[in-house]
Each structure stands twice: as C-alpha cells, then as structure tokens.
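Worksheet for the structure shown next.
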There are 2 protein chains.
Amino acid sequence: MTTPVLTKNQGLVFDVLTRAEGPLSAYTILDKLRDQGFRAPLQVYRALDKLLEYGVVHRLESINSFVACAHPHENCHSHGLVAFAICESCGQVIEFHDHEVDHRLMDWLKSQKFKAEKSTIEIRGHCANCAA
Amino acid sequence: MTTPVLTKNQGLVFDVLTRAEGPLSAYTILDKLRDQGFRAPLQVYRALDKLLEYGVVHRLESINSFVACAHPHENCHSHGLVAFAICESCGQVIEFHDHEVDHRLMDWLKSQKFKAEKSTIEIRGHCANCAA
DNA sequence: ATCGCACACGTTATAGCATAACGCAATTGA
DNA sequence: TCAATTGCGTTATGCTATAACGTGTGCGAT
C-alpha cells in the first residue's frame, strides 16, 4: 500500500507540516498558505483528510492539531498503534510505537468483542529540555 | 484525597452526566440544564473543570465530550492511566485501566526523560452489540 | 466587626475549530 | 459520448471553548 501522488493542495499542506517544528492547527496552516492562494478552511481540511487517510499525517486530538508522520516512507498505518508525547512548553511532539502496549490493548478489546478502528494515545507533559 | 462537596452547578452537571447513557458534549449538557436556569456555556465548562479536577468526570478528547467516571467512589486519579473504548454506533463508552499498558508507557516516557502530566487513550470502533 | 481574599456565579462577547451545501472543472472508464 | 468520481473554490453556518467584566458569599486574620 503506497501513497498516491499528492494533488497541489495536498502537497502544499504536507510541505507546511513537514517543515514545521511541531504540530499545527488547521487555521494556522491556512494562514501559512494564504500566499499560495488558500482562502478557506475547507481547502485545508480536505487536504488533511486525504493525508490522514494516506497515513502521512497524524491528528492530535487533544490539541486539535496536525503533525507530519515521523516515518514518511513506511506507511504508518502498517505499524500498530501510534502514541505521542506532547510537550506543553515547547510544543514538540515525539511519536512512538510500542507493540507491547499495542498487543495489550488489542487483547483487552478482543476480550470485550470490541472492533477497534481508530486509536488515540497522547501524553501531555514536559519534554527533557523543558522539564527544567 | 476525597471529593469536596459539589456546588449547585457542579451537582447539576454531574447528575446529568451520571444519568446519561453515554458521553455528552458541553452544549448538550447546557441544553439539558436550561430548565434549571443554565443560560451560558461557561456555567457548564466551569463546573466541568472542577469535576475533571476532582476526577469524577472524564473528558473524551476525540469526541469533545464528557462522561461520568465509572468508579465514582474511588478517586480515579489514583488509578494509573484510564483508557476508553468508544462505540461509534451507539455512543457507549467502556472505561478500563491496565497497569501493564500504564507501566510500559511510563517506562518509555521515563527513558525519554519526559514528564507526563495528562494522558489520553481512546479507541474508537464498534462495541459487541453494534459490530453485528 | 470589618477588611481582604478566594471562590463560585452570571452575562456578554468573541475566539477557535469544523462541516454543510452549492456549483464548476478535470479525469477516467464503460 | 456519457456517467461517475474526484478535487477544487466559495459562502454560510454550526459547534466548541474561553476572555473579560462584574456580583455575591463565606471565612479567616487583624
């Protein structure tokens, strides 16, 4: 499963996210793309929907923001769960995968006969630099 | 650490959440409390802030909603991580705690010298009844 | 007792996040 | 060629959350 060629808008949004230091909100992305002709939120959200679908971008539910996947080449959907540590001081995000956590959660869900579709694991706190 | 006596507004919001079948948005709560004199979102949000602080209510980040804690008596802050399975068909939420997952995540965070403060683990999908 | 402080509350206004609904253009494949 | 699909642009709207102001009440310290 490989990522399709991106359209113009998808490419612009993906570039902005890739260059960013940390996660960006949809409206921040919009502002950064006004010079490229973006005028409305939907232009951003539609591109984001596709990028999320392709697995090259992640949505951080707890801060209503989006971040480029840390492993752009391999498709992120093929890993198991994705987890994020989000620094509330500097905004940086560390993405990580842990099969142990993955299996444990999946086993539990299985025991409940719950069919998992999307998952969100986000830890907010302070990174090594900011913990002071 | 015991839960303080709730104020009138906090009590009303907590009651609504306790009686609800599933999670409710702040504005849904507001609507349910109009007859008791609620007029503005802040009345709900302020009560929710306290209830979250007391650990008797959880916030579901991925659906912008709130749910009463499944174990009202024991303080939920004292458990480790809390995880939720959210059914996208019927809206029901299953709350669970798993020390294995907890430890595993905490170990990883520790290895990164990341100081965790708040966590979100939410799995969306379909529950046993709705999976059909 | 009264002053000062902390806290809950009420209200209005505004900010921030996300989608509905319309129509047009380009592409593809039967 | 026609129909279906997909992306795009625009306007309008809805949902989620907080800022900023002022009021009232309880309570401890002086």
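Just so we're on the same page: letters track the sequence lines, and every chain starts at 1. Because the structure is a prediction, the values reported are computed rather than measured.
- The side chain of B:Arg46 approaches D:dA20 more closely than any other nucleotide in the set D:dA20, C:dA18, D:dG7.
- A sub-4.0 Å separation between OP1 or OP2 of D:dG9 and a side-chain N or O of A:Gln43 is present.
- Between B:Asp49 atom CG and D:dA19 atom C1' the separation is 14 Å, expressed in whole Å.
- The separation between A:Arg39 atom CZ and D:dG7 atom P is 23 Å, rounded to whole Å.
- For A:Glu117 and A:Lys115, the salt-bridge test fails: no basic side-chain N is under 4.0 Å from an acidic carboxylate O.
- With C:dA8, C:dT19, D:dG9 as the candidates, the nucleotide lying closest to the side chain of A:Asn9 is D:dG9.
- In this entry the distance linking CG of B:Leu48 with C1' of C:dA8 reads 15 Å, nearest Å.
- Residue B:Leu12 contributes atom CG, which lies 15 Å from atom P of C:dA8 at whole-angstrom precision.
- Position along DNA chain D of the nearest nucleotide to A:Lys50 versus B:Ile63 favours A:Lys50 as the more 5'-ward residue.
- A donor and an acceptor atom, one from each side chain of A:Thr120 and B:Arg124, are located under 3.5 Å apart.
- The two atoms that bring B:Ser62 and A:Glu61 nearest to each other are CA-OE1, 3.7 Å, heavy atoms only.
- In this structure, A:Asn64 reaches the C:dA18 phosphate: one of its side-chain N or O atoms is under 4.0 Å from OP1 or OP2.
- Spacing between atom CD of A:Glu61 and atom P of D:dC15 amounts to 19 Å, rounded to whole angstrom units.
- To the nearest angstrom, P of D:dT16 lies 11 Å from CG of B:Leu24.
- Of the side-chain N and O atoms in B:Tyr45, one or more sit less than 4.0 angstrom from OP1 or OP2 of D:dA17.
- With distances taken from any side-chain atom of A:Ala40 to the nucleotides D:dT11, C:dA18, D:dG7, the minimum falls on D:dT11.
- Among the nucleotides C:dC17, D:dG7, C:dT11, the one closest to the side chain of A:Thr7 is D:dG7.
- Per the geometry, CG belonging to A:Leu51 stands 16 Å off P belonging to D:dT6, to the nearest Å.
- We find that CG of A:Leu42 is positioned 14 Å from P of C:dC22, with the value rounded to whole Å.
- Annotation for B:Arg19: atom CZ does not count as buried by contact number, only 12 or fewer foreign heavy atoms lying within 6.0 Å.
- A close approach under 4.0 Å does not occur between any side-chain nitrogen or oxygen of B:Lys8 and OP1 or OP2 of C:dC9.
- In the set C:dA8, C:dC17, C:dA18, C:dC17 carries the atom at the smallest distance from any side-chain atom of A:Ser25.
- Contact annotation: side chain of B:Tyr27 to base of D:dA17, donor-acceptor pair present below 3.5 Å.
- Taking the six-membered ring where tryptophan is involved, the planes of A:Phe96 and B:Trp108 are essentially parallel, since the angle between them stays under 30° and well short of 60°.
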